[in-house]
Amino acid sequence: MDHFDVVVIGSGPAGQKAAIAAAKLGKRAAIVERKHMMGGVCINTGTIPSKTLREAVLYLTGLNQRELYGDSYRLKSDITVTDLAARTNHVVSREIDVIRHQLARNSVMMFVGSARFVGPNEITVEDATGDLKHVRGDYFVVAVGTRPARPPSVDFDSETVVDSDQILGLDRVPSSMVVVGAGVIGIEYASMFAALGSKVTVIEKRPTMLDFCDREIVESLQYQLRDRGVTFRFGESVKTVERHPSGTLTILESGKVIPADTVLYSAGRQGVSDELDVEAAGLTADSRGRLKVDENYRTEVEHIYAVGDIIGFPALAATSMEQGRRATYHAFGEPVGVVNDDLQPIGIYAIPELSFVGRTEDQLTAANVPFEVGVARYRELARGAIIGDSYGLLKLLVHAEERTLLGVHAFGSNAAELVHIGQTVMGLGGTIDYLVDAVFNYPTLAEGYKVAALDAVNKMRAIERVRTKGLTGDLDAGESPLP
Ligand SMILES: Cc1cc2nc3c(=O)[nH]c(=O)nc-3n(C[C@H](O)[C@H](O)[C@H](O)COP(=O)(O)OP(=O)(O)OC[C@H]3O[C@@H](n4cnc5c(N)ncnc54)[C@H](O)[C@@H]3O)c2cc1C
Ligand SMILES: NC(=O)c1ccc[n+]([C@@H]2O[C@H](COP(=O)([O-])OP(=O)(O)OC[C@H]3O[C@@H](n4cnc5c(N)ncnc54)[C@H](O)[C@@H]3O)[C@@H](O)[C@H]2O)c1
């Protein structure tokens, strides 16, 4: 029987990094993955195909060029699924190759099949022909991820009523679409289909969406999406989804009925621990199939770690990778730095994209933290004009007394890239003054940091002047304390 220092189950971002980290520490590592799923949900049905599809949509629709060339500008007038799939397939197969080579050159043993625990130190791997292999390990890293939640009241058929795995297999761009759930997945796909010209209705049971983001930016996103024909129905819950020969009907608890060509059901995900017989290893999953871990990603069974989406929030590819590396290092006694959860960036690839790091205005207000806001609007940056982005903005939240950066919120082109400048300043404990004094390349969007920083310090100075000069009546003739 094969025996390894560590056996990793699942080859998504969490599993890959756990296995590679072990190999780099000189350990014998194995990774188990099902056929055709190398790279996990991330590469095959999640992050990478959806982000590539978004690029294809932006390119083919010419959406980002319309401010410059007019509203009727399109690169291609009749965009087909084949046009869109070409780019996605190319990127996915390239990424799978990269992962295969990385694992192979680091001598990580690959087992293809479905893993099941048969004891705390042993799994079986069943391949497509039903053959069973027994594999033992000193340590295990469970990185099996999630699948879309599929309530029995929804009649999925993979063609007209689909989840986020199946949406990539649609055979045409629907003329109308209902998106159930205004979570990150729902909003990203609603943006893409609205950009393609589908008439999109988003149904969300909560009164608002993306509550963890900056309110002003979410409002701007909603405005942009509505402008592209998206209808939002907040505070509405879906009761059932029916399929009929001529289309679908989404029936809401309120009695409303919404017809559409296609329904995307994107209302959460479920851990896939059920197929792993975790009980045989002494583990218990919660009602959503998730495993509980401590701060080192160790489960209640000492030599078994769990990482990535299977442990729940924040359930991102970026965090999953880091958890995988940390779990392995912990298992083999390799020191790791401290995780700073406050610096976890979030990037939402809606159209337009939004991204942030740190705290929101609402959170700071609730915590009675005095802060000032500095804003740079893309339309006032030369780069914004060059790329035709007049709606984007960069917002900095600055501690009113300590002058440290408490939050960075970006909306518009390259928001998810831009946010890392602020993340670095925050991570190194920098103040707003660093950004005021720094010189940025021109014309860039990054220059927005300086503009927003100056905006914040101007406001802070105005307050200081009122304070130090007493009443505004003490100011010199014609002098205003305000910027
Ligand atoms: C549509 C969509 C878009 C997303 N976009 C983003 C984004 O833009 N940015 C971002 O950071 N995150 C994004 N995410 C989230 C991201 O994809 C996940 O956080 C990430 O894939 C989780 O990685 P993981 O390693 O935990 O598991 P996964 O990527 O889910 O991989 C788990 C793997 O384990 C395998 N497995 C399961 N059970 C077994 C078993 N018994 N035996 C063998 N193998 C098994 C599965 O086949 C699968 O391949 C998106 C997700 C979705 C669905
Ligand atoms: N850019 C990114 O980082 C990115 C992109 C996509 C997905 N993801 C990750 O994937 C995970 C899953 O995303 P998701 O959007 O599926 O889940 P989610 O749980 O974030 O959102 C689901 C939404 O559906 C709503 N909902 C649930 N049942 C409903 C019903 N019956 N009727 C109407 N609304 C209903 C919920 O209130 C919720 O707002 C998230 O954890 C996210 O982090 C990340």
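In listed order, ligands and their atoms are each counted from 1. The basis for the numbers below is simple: all heavy atoms, side chains too, and nothing from hydrogens, waters or symmetry mates. This one's a predicted model, so the numbers in the text were calculated from it and none came from an experiment.
Within ligand 1, the atoms closer than 4.0 Å to a non-hydrogen atom of Leu276 are 41 (N), numbered from 1 in the order shown. For ligand 1, the atoms lying closer than 4.0 Å to a non-hydrogen atom of Ser50 are 3 (C). In the vicinity of Gly10, heavy-atom distances shorter than 4.0 Å reach the ligand 1 atoms 33 (C), 34 (O), 35 (C). Heavy-atom proximity to Val272, at under 4.0 Å, picks out these atoms of ligand 1: 37 (C), 38 (N). Those atoms of ligand 1 with a heavy atom of Ala143 less than 4.0 angstrom away are 32 (C), 33 (C), 34 (O).
Residue, atom and distance of the protein heavy atom nearest to atom 42 (N) of ligand 1 are Ala115 N, 2.8 Å. Closest protein heavy atom to atom 17 (O) of ligand 1: Thr47 OG1, 2.8 Å.
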Distance-only check: which donor-acceptor pairs under 3.5 Å involve side-chain atoms of residues 350-359, not counting sequence neighbours?
from: Glu353; atom 1: OE2; to: Ala415; atom 2: N; distance (Å): 2.9
from: Glu353; atom 1: OE2; to: Ala416; atom 2: N; distance (Å): 2.8
from: Ser355; atom 1: OG; to: Ile346; atom 2: O; distance (Å): 2.8

Less than 3.5 Å apart, which donor and acceptor atoms pair up between the side chains of residues 329-342 and the rest of the protein, not counting sequence neighbours?
from: His330; atom 1: ND1; to: Tyr305; atom 2: OH; distance (Å): 2.8
from: His330; atom 1: NE2; to: Asn296; atom 2: ND2; distance (Å): 3.2
from: Asn340; atom 1: OD1; to: Asp342; atom 2: N; distance (Å): 3.1

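Here Arg269 has side-chain heavy atoms under 4.0 Å from ligand 1, and that is the only part of it that gets that close. Within the 4.0 Å heavy-atom criterion, both parts of Val41, backbone and side chain, lie near ligand 1.
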Check ligand 2 for close polar pairs with the protein: N or O on both sides, less than 3.5 Å.
from: ligand 2; atom 1: 1 (N); to: Glu188; atom 2: OE2; distance (Å): 2.8
from: ligand 2; atom 1: 1 (N); to: Gly347; atom 2: O; distance (Å): 2.7
from: ligand 2; atom 1: 3 (O); to: Gly347; atom 2: O; distance (Å): 3.3
from: ligand 2; atom 1: 15 (O); to: Val184; atom 2: N; distance (Å): 3.2
from: ligand 2; atom 1: 15 (O); to: Ile185; atom 2: N; distance (Å): 3.1
from: ligand 2; atom 1: 16 (O); to: Gly268; atom 2: N; distance (Å): 3.3
from: ligand 2; atom 1: 32 (N); to: Val238; atom 2: N; distance (Å): 3.1
from: ligand 2; atom 1: 34 (N); to: Lys205; atom 2: N; distance (Å): 3.3
from: ligand 2; atom 1: 37 (O); to: Glu204; atom 2: OE2; distance (Å): 2.6
from: ligand 2; atom 1: 37 (O); to: Arg206; atom 2: NE; distance (Å): 3.3
from: ligand 2; atom 1: 39 (O); to: Glu204; atom 2: OE1; distance (Å): 2.7
from: ligand 2; atom 1: 39 (O); to: Glu204; atom 2: OE2; distance (Å): 3.1
from: ligand 2; atom 1: 43 (O); to: Pro314; atom 2: O; distance (Å): 3.4
from: ligand 2; atom 1: 43 (O); to: Ala315; atom 2: O; distance (Å): 3.3

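With sequence neighbours left out, Arg28 forms a salt bridge (Lys or Arg N to Asp or Glu O under 4.0 Å) with no residue at all.
For the residue pair Ser11 / Glu33, a side-chain donor-acceptor distance below 3.5 Å is found, with atom types taken as modelled.
With atom 43 (C) of ligand 1 as the reference point, the heavy atom nearest to it among Cys42, Pro314, Gly15, Gly113 is part of Gly113.
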